[in-house]
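This report concerns only the one structure given below.
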Amino acid sequence: MNPSHIKTPDGIFTAFFSERGLVGLEFPRRSKSAKKPVPVQRDAPPHLKEWQLLTQAALLKALAGQRPGKLPPLDLSAGTAFQQSVWALLQSIPPGHTLSYSEVARAIGRPKAVRAVGQACGANPIPVLVPCHRVLAAHGGLGGFSGGLEWKIKLLGREKA
DNA sequence: GTCACCTTAGAAG
DNA sequence: CTTCTAAGGTGAC
């Protein structure tokens, strides 16, 4: 890929870009930040620098509980059709609003695929910008969160959800 | 083929 | 209220 550091008040995120756009985003590694000398990179997207700036700007706003605004192109080609429809729907959820897994399932035309939705959210490669944290369990329960439940709580709190 | 997963509605005890 | 079950999509084994 193409790891790029994105500085935010919450730490340094790492973004990955393909020639098509943003393909992944990682939360700050709290324990060991010691990671990569960055293996040799081959592809350098033509708009890399521009995308990095857009990603940082969008991330800062999203972390502050605001609409991310202009986003760099997202390359979600790694996901299945089902996952992409879920992720697309999540991006349409405004800050401060939340949906339950069942509502998301219904919204994409698969009312019985509630668990699959959970699976799709967990497989989301771009947390925060693709707000998987705005999906709660049916009775207001938080449900789980692979990136760490604390992020889910922190983000929702800032959005006053 | 089987199992586990960021789930949930419904039926039974 | 608690416990159990079935059901959807997907990837690991």
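Chain letters run A, B, ... following the sequence lines, proteins first and then strands; every chain starts at 1.
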| Between Leu142(A) and Val114(A), is there a shared hydrophobic cluster once you connect ILVMFWY residues whose side-chain heavy atoms come closer than 4.5 Å? | yes
| message | Please report the distance, rounded to the nearest Å, between CG in Asn124(A) and P in dG11(C). | response | 14 Å
| request: Please name the residue in the list Pro131(A), Cys132(A), Pro125(A) that meets the side-chain contact (heavy atoms from CB on, under 4.5 Å) test with Trp87(A). | output: Pro125(A)
| Nucleotide-resolved protein contact map, nucleotides 8-13 of chain B, B/S/- at heavy-atom distance under 4.0 Å | SS----
| Separation of atom CG in Leu142(A) from atom P in dT7(B), rounded to whole Å | 12 Å
| said: Cys121(A) vs Leu90(A), test: side-chain contact (heavy atoms from CB on, under 4.5 Å). Steps then yes/no. | reply: CA-CA 9 Å; Cys121(A) 287; Leu90(A) 295 183; 4.2 Å; yes
| task | Measure from CD1 on Ile108(A) to P on dG8(C) and round the result to the nearest Å. | result | 13 Å
| query | Between Glu159(A) and His133(A), does any side-chain donor sit less than 3.5 Å from a side-chain acceptor? | reply | yes
| request: Measure the spacing between OG1 of Thr14(A) and NE2 of His5(A) and express it to the nearest 0.5 Å. | output: 5.5 Å
| request: Starting from C1' on dG8(C), measure out to CD on Glu103(A) and report it in whole angstrom. | output: 18 Å
| message | According to a hydrophobic-cluster definition based on side-chain heavy atoms being under 4.5 Å apart (Ile, Leu, Val, Met, Phe, Trp, Tyr only), do Val135(A) and Ile153(A) belong together? | response | yes
| said: If hydrophobic clusters are built from ILVMFWY residues whose side chains come within less than 4.5 Å, do Leu48(A) and Ile12(A) share one? | reply: no
Under 3.5 Å donor-acceptor pairs involving side-chain atoms of residues 60-76 of chain A, not counting sequence neighbours:
residue  : atom : partner  : partner atom : Å
Asp75(A) : OD1  : Ser77(A) : N            : 3.2
Asp75(A) : OD1  : Ser77(A) : OG           : 2.6
Asp75(A) : OD2  : Ser18(A) : OG           : 2.7

| query | Touch check for Gly144(A), heavy atoms < 4.0 angstrom, all strands: base, sugar-phosphate only, or nothing? | reply | base
| Length of the CG-P vector between Leu149(A) and dC5(B), whole Å | 15 Å
| request: Look at the side chain of Arg115(A) against the base of dG9(C) and say whether a donor-acceptor pair falls under 3.5 Å; ignore hydrogens and angles. | output: no
| task | Extract the stems that DNA chain B is part of, considering only consecutive pairing runs of at least three Watson-Crick or G-U wobble pairs, both distances under 3.5 Å. | result | B:1-5 with C:9-13, B:7-13 with C:1-7
| query | Contact class for Ala116(A) (heavy atom, under 4.0 Å): base, sugar-phosphate, or nothing? | reply | base
| Mind checking whether Phe13(A) and Trp151(A) have parallel, tilted or perpendicular rings, split at 30° and 60°? | perpendicular
| query | Has Lys112(A) got a side-chain N or O lying under 4.0 Å from the OP1 or OP2 atom of dG8(C)? | reply | yes
